[in-house]
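So the structure is just underneath, and the comments pick up after that.
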Amino acid sequence: MGFTIDQAERKDLVVRMDDHLAAICFHCFGETHANSSAKAEEIEARAFATADAASKTTSESWSADSGGGHAVHQLTTLYVKKAAELLKEEALRCGKAKDATSSQDADAQFFDLSGSDREFFTQQRAEQGLAPLLAAGARFSKVRLSSKSFGLDAAHVVAKAFANNADTLKEVDLSDIFPGRPEEEAMKVMQIVTEATLCAKITSVDVSDNAFGEKGVRACTAMLQQQNEIESITFINNGISEQAAKAISELLVSPQSLKKLHLDKNMTGDAGTAHIAALLERAPGMEDFKMAGSRFFSKGAVMLARGLGTGTSLVSLDLNDNNINEEGGLALSGMLFKQPNLRHLNFEAAMLGSHAAGAVVSALAAGCPKLEYLNLSCCDIYPGGVPAVAKAISAMKNLKVLKIAENELGDFGVARICMALKESGCPLVELDVSTNELVQAGAIAAARLAISKASFTSLNLDGNYISDEGVEKVKAVMEEAGVSFALLPMEENDADMAEEAEDEADEDQESRLNKMLDDLRI
């Protein structure tokens, strides 16, 4: 059942919006709107389409218990509210400085339709929204359609738009393009839009946030099998199960051209990871691989290590939020040793354990001289594992960011890490040692290290047991050096735990700890 309203009322709303828009632009901004009447008609049509879509996709609006009159009132309210929002948006646009440019203007080859307005696109609305792509002589190389909901008619407009830019189109972002659509329609839309890319030579595709599972992957069959120059493909939050992962591995015709593959926030598991690992074995040129939050364990990590080990081109690797554990960590360390171009590694919440963490950082120190970013937070690194980790860090000459939070390193452990960072001479700009059971000395060590780095911008000490006295000493160190801005808030610090933690300290370490603090002084 659709939304209906008297045509006279719709025309009346258009007339009133036309008058208001013209008046606002002239009296508030000193501008004359070029075509306020056409814009008012467009706004009304978009507001009507929103209410009409809600009447068909929001079941509670037309439920038997709500009553027809109540439903009509809800939809009419939505219609008016949407029109008001769009009118305000257009008025604010008119008020921008004449020389202001949108992000699209800044890059004449980039068309970006995304925004906070999750609008249902009809054929007419798609023709309006995609007008720059449909214009004669359009030569866009990158198109983003995210956050708009395309129906079947609108999908065919997208196909025309792609065809009109066939000679130049290289990158398509199709993430989140059918929110609120029934599954059958959504899969047909994905098929139409991805098949439409065949008119061009595509190098980058993003189909994230469509939650389409195996059916969605298979809806992309034509594109995956016929586009043989794809270098980057992203499947974030797509429900990539074992079956979906198998489909990706089977359908992607040219993994040898892949340089970037992201599969974040899926439920792939070890069984599905086996298919991704098999794909990686055929992608020796992989530079940027991300498979975070995918619910694989050590078995999956071992397979990924084997797959990634077929190449030596990795620049960025992100496997955070997976239980890699010791076995997986050791396997990955062997692969990392052979990646001389690696700059970014994120193993946060990988549960490596001290032994595997030591093996990973040792491999990085020996084989990855360009490393700039390292995240080993929440990796179960305990005091016993600190010596190996610190020794490896002392050899990292280009490290800029170190995140090693939530590891129970204690004051002595963090102080040793800080000494290692000083010895390396690296251009560190960010250090996160939050939630490491620091009481005082470790926090002061981190502060002294921070002020010794010329371009330092961020020190995170939150979530520790730093005494009130310790907090004041840390602040004094940072303020005296004129970099207090770099100290992040410590709202979760528990000073009440300081005395208990101090009682548990190893007295034999005290002299060595004091020596490290002295060595870290400027």
Side-chain angles (χ1 to χ4, degrees), residues 240-242 245 261-281 286 289-310 314 316-339 342 344-368 371 373-393 396 402-410 413 417 432-437 463:
I240 303 301
S241 61
E242 176 186 353
L261 176 60
H262 283 193
L263 299 115
D264 196 4
K265 300 176 183 176
N266 290 296
M267 299 181 291
T268 312
D270 283 338
T273 300
H275 298 294
I276 300 303
L279 174 62
L280 291 172
E281 289 183 11
M286 186 61 63
F289 180 68
K290 181 178 183 180
M291 197 170 174
S294 295
R295 301 187 183 182
F296 64 80
F297 296 85
S298 57
K299 183 179 179 180
V302 170
M303 290 185 284
L304 288 177
R306 187 181 305 119
L308 290 166
T310 60
L314 271 181
S316 178
L317 176 61
D318 188 343
L319 301 179
N320 84 81
D321 194 22
N322 291 291
N323 288 326
I324 292 173
N325 301 319
E326 183 172 306
E327 181 184 0
L330 293 175
L332 287 164
S333 69
M335 177 274 299
L336 290 169
F337 178 74
K338 303 173 183 177
Q339 305 296 332
L342 191 71
H344 180 111
L345 180 71
N346 187 354
F347 276 5
E348 180 178 4
M351 309 301 176
L352 295 176
S354 294
H355 179 53
V360 166
V361 291
S362 296
L364 294 172
C368 309
L371 189 71
Y373 178 101
L374 176 59
N375 191 336
L376 293 175
S377 295
C378 197
C379 274
D380 291 341
I381 306 173
Y382 298 104
V386 169
V389 172
K391 180 180 179 180
I393 287 176
M396 296 179 181
L402 175 62
K403 295 178 181 289
I404 195 164
E406 298 184 66
N407 278 302
E408 301 182 23
L409 301 179
I417 296 294
D432 184 353
V433 289
S434 58
T435 318
N436 266 301
E437 300 185 357

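The first residue of the sequence shown is numbered 1, and numbering continues consecutively from there.
- Formation of a donor-acceptor pair under 3.5 Å by the Asp270 side chain with backbone atoms of Phe297 is found in this model.
- Using a distance-only test at 3.5 Å, with no hydrogens or angles considered, no donor-acceptor pair links the side chain of Glu327 to the main chain of Ser298.
- The two residues Ser333 and Ala363 have their closest heavy-atom pair at O-CB, 3.2 Å.
- For the pair Val433 and Ile417, the minimum side-chain heavy-atom distance is 4.5 Å or more.
- The line from CD1 of Ile324 to SG of Cys379 is 7.5 Å long, rounded to the nearest 0.5 Å.
- Remark: the backbone N or O of Ala405 is paired with a side-chain donor or acceptor of Ser377 at under 3.5 angstrom.
- The line from CG of Leu308 to CD1 of Ile276 is 11.0 Å long, rounded to the nearest 0.5 Å.
- Between Leu374 and Leu371, the shortest heavy-atom contact is CB-CD2, 4.2 Å.
- Of all heavy-atom pairs spanning Ala301 and Gly328, the tightest one is CB-CA, 3.7 Å.
- Residue-environment remark: OH (Tyr373) exceeds the threshold of 12 foreign heavy atoms within 6.0 Å.
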Return all side-chain donor-acceptor pairs below 3.5 angstrom for residues 345-360, not counting sequence neighbours, or 'none' if the list is empty.
{"residue": "Asn346", "atom": "OD1", "partner": "Glu348", "partner atom": "N", "Å": "3.0"}
{"residue": "Glu348", "atom": "OE1", "partner": "Asn375", "partner atom": "ND2", "Å": "3.3"}
{"residue": "Ser354", "atom": "OG", "partner": "Tyr382", "partner atom": "N", "Å": "3.0"}

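- A search for side-chain hydrogen bond (donor to acceptor under 3.5 Å, both in side chains) contacts involving His262 returns Asp288, not counting sequence neighbours.
- Smallest separation of non-hydrogen atoms from Met335 and Ala305: CG-O, 3.6 Å.
- Between Leu402 and Met396 the shortest side-chain heavy-atom distance does not fall below 4.5 Å.
- Once rounded to the nearest 0.5 Å, the distance linking CD1 of Ile393 with CG of Leu376 reads 7.0 Å.
- Within the 3.5 Å criterion, the main-chain N or O of Ser294 finds no donor-acceptor partner in the side chain of Asn266.
- Separation of atoms CD (Glu242) and NE2 (His275) is listed at 5.0 Å; rounding is to 0.5 Å.
- Closest non-hydrogen pair, Ala365 versus Ala392, comes out as CB-O, 3.4 Å.
- In this structure, the side chains of Gln339 and Leu317 stay at 4.5 Å or more apart for every pair of heavy atoms.
- For the atom pair Glu437 CD and Leu409 CG, the distance stands at 9.0 Å (nearest 0.5 Å).
- Using a distance-only test at 3.5 Å, with no hydrogens or angles considered, a donor-acceptor pair links the side chain of Asn322 to the main chain of Met291.
- Residues Ala277 and Met303 share a closest heavy-atom pair of CB-O, 3.3 Å.
- Looking at residues two or more places apart in sequence or on another chain, you find a side-chain hydrogen bond (donor to acceptor under 3.5 Å, both in side chains) between Ser434 and Asp432.
- Not a single donor-acceptor pair under 3.5 Å links the side chain of Thr268 to the backbone N or O of Ala245.
- Here the straight-line distance linking atom CZ of Phe337 with atom CG of Leu364 works out to 11.0 Å at 0.5 Å rounding.
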